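Notes for the one structure printed next.
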Amino acid sequence: MNDDFHPTHFATHESVEHAFYEALERADVEAMMNCWADEDDVVCIHPGGRKLTGHRAIRQGWTEIFANGPVHARAVSVHVQQSMMMAIHSVVEQVQVMGDRGRTVVNVFATNVYGKTPNGWRMVLHHASLVPDHALTESRSQDADQGSTLH
């Protein structure tokens, strides 16, 4: 367990997610780590990256990413599953990146899992992967089809 003090009490999983994306926009490692639960088994997987487990590894990962500046990302197409103690947000992140042709938007599938702790809601897992070009169209089509399908 990590002994870091968390000054912010997140009353909802939505408020943690908002703080998470604000920390990305500001390249603020302290604000980012404030979003995470005080557990040794918290996990973060960046697109194409290895599994980072625990606060030290996750902090190091975000420090390396933020060394290149802020990450301009916004969560769209948010799907939430929730119980009393846990919430899972499946999102598409639209991430702005600089390339040879200037700024472009890359889509990323992300799963953000939040747990309710004595310190309020906190992130316990962030897993992100690049979206293949065809996947968003297929995903929208499947979502529409599921509206009429009984399981």
Side-chain angles (χ1 to χ4, degrees), residues 1-82 85-117 119-143:
M1 195 148 188
N2 189 339
D3 292 329
D4 290 347
F5 173 72
H6 291 290
T8 303
H9 180 87
F10 295 109
T12 66
H13 47 92
E14 294 92 349
S15 63
V16 183
E17 184 149 291
H18 181 76
F20 174 83
Y21 287 104
E22 278 190 350
L24 285 175
E25 289 284 336
R26 293 192 324 258
D28 185 336
V29 173
E30 295 308 317
M32 172 59 69
M33 295 313 297
N34 187 51
C35 295
W36 289 85
D38 286 336
E39 303 295 330
D40 292 332
D41 59 353
V42 292
V43 173
C44 186
I45 303 172
H46 300 293
R50 69 189 194 296
K51 178 181 172 185
L52 305 174
T53 303
H55 274 262
R56 182 172 290 139
I58 292 171
R59 176 183 290 275
Q60 181 60 38
W62 287 114
T63 299
E64 290 170 11
I65 288 171
F66 292 160
N68 296 316
V71 178
H72 302 290
R74 66 186 188 109
V76 298
S77 187
V78 179
H79 175 76
V80 176
Q81 295 174 285
Q82 176 182 351
M85 301 301 287
M86 184 164 286
I88 302 167
H89 293 207
S90 299
V91 305
V92 175
E93 295 175 345
Q94 293 180 334
V95 182
Q96 293 182 25
V97 295
M98 287 300 293
D100 296 339
R101 297 181 181 156
R103 192 173 299 269
T104 187
V105 174
V106 174
N107 289 304
V108 175
F109 284 137
T111 302
N112 299 322
V113 179
Y114 304 96
K116 193 170 186 179
T117 74
N119 293 319
W121 286 88
R122 294 282 188 246
M123 182 173 275
V124 296
L125 174 115
H126 172 73
H127 184 186
S129 60
L130 292 176
V131 175
D133 291 337
H134 64 283
L136 285 178
T137 304
E138 289 174 3
S139 177
R140 285 187 197 112
S141 175
Q142 289 172 359
D143 287 347

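Every value quoted in this text rests on a predicted model; they were computed, and no experiment measured them.
Closest of all the heavy-atom pairs between Gly115 and Val124 is N-CG1, 4.2 Å. The shortest heavy-atom contact between Leu130 and Pro132 is O-CD, 3.5 Å. Contact between Pro47 and Val108 at its shortest, heavy atoms only, is CG-CG1, 4.1 Å. Taking both residues in full, the closest heavy atoms of Phe20 and Cys35 are given as N-SG, 3.5 Å, listed atom of the first, atom of the second, then distance.
For the residue pair Glu17 and His13, no side-chain donor N or O sits within less than 3.5 Å of a side-chain acceptor on the partner.
In this structure, the separation between NE2 on His126 and CH2 on Trp36 is 7.0 Å, given to the nearest 0.5 Å. To the nearest 0.5 Å, the span separating CD1 on Ile88 from CE on Met86 amounts to 7.0 Å. Taking CD1 from Ile45 and NE2 from His127, the interatomic distance works out to 4.0 Å, rounded to the nearest 0.5 Å. From Ile58, atom CD1 reaches atom CE of Met123 across 9.5 Å, with rounding to the nearest 0.5 Å. The structure places CD of Gln94 at 9.5 Å from OG of Ser77, a figure rounded to the nearest 0.5 Å. With values rounded to the nearest 0.5 angstrom, Asp41 atom CG is found 8.0 Å from Thr53 atom OG1.
For the side chain to side chain donor-acceptor pair (under 3.5 Å) condition, the pairs that include at least one residue of residues 62-72, sequence neighbours left out, are Glu25-His72, Gln60-Glu64.
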For the pair Leu24 and Met32, evaluate side-chain contact (heavy atoms from CB on, under 4.5 Å) and give the outcome as yes or no after the intermediate values. CA-CA 7 Å; Leu24 285 175; Met32 172 59 69; 3.8 Å; yes
Could you go through the side chain to side chain donor-acceptor pair (under 3.5 Å) check for Tyr114 and Gln82 one step at a time? CA-CA 9 Å; Tyr114 304 96; Gln82 176 182 351; over 6 Å; no
When you look at Asn112 and Val91, which way does the side-chain contact (heavy atoms from CB on, under 4.5 Å) test go after all the steps? CA-CA 8 Å; Asn112 299 322; Val91 305; 4.2 Å; yes
side-chain contact (heavy atoms from CB on, under 4.5 Å) between His9 and Trp121, intermediate numbers included: CA-CA 8 Å; His9 180 87; Trp121 286 88; over 6 Å; no
Test log, rule side chain to side chain donor-acceptor pair (under 3.5 Å), inputs His79 and His89: CA-CA 6 Å; His79 175 76; His89 293 207; over 6 Å; no
Check the pair Glu93 / Asn107 against side chain to side chain donor-acceptor pair (under 3.5 Å), numbers first and verdict last. CA-CA 6 Å; Glu93 295 175 345; Asn107 289 304; over 6 Å; no
Take Val105 and Val95, measure what side-chain contact (heavy atoms from CB on, under 4.5 Å) needs, and give me the verdict at the end. CA-CA 5 Å; Val105 174; Val95 182; over 6 Å; no
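Heavy atoms of other residues, nucleotides or ligands lying less than 6.0 angstrom from CZ of Arg74 number 12 at most.
Looking at heavy atoms from C-beta onward, Asn119 lies in side-chain contact with Asp38 at the 4.5 angstrom threshold. The side-chain heavy atoms of Val29 and Arg59, taken from C-beta on, include a pair separated by under 4.5 Å.
Side chain of Thr8 to main chain of Phe10: no donor-acceptor pair is present (N/O by atom type, distance under 3.5 Å, no hydrogens or angles). Under a 3.5 Å cut-off, the side chain of His55 and the backbone N or O of Ala37 do form a donor-acceptor pair.
Every residue two or more places apart in sequence or in another chain was checked for a salt bridge (charged side-chain N to carboxylate O under 4.0 Å, His left out) with Glu14, and none qualifies.
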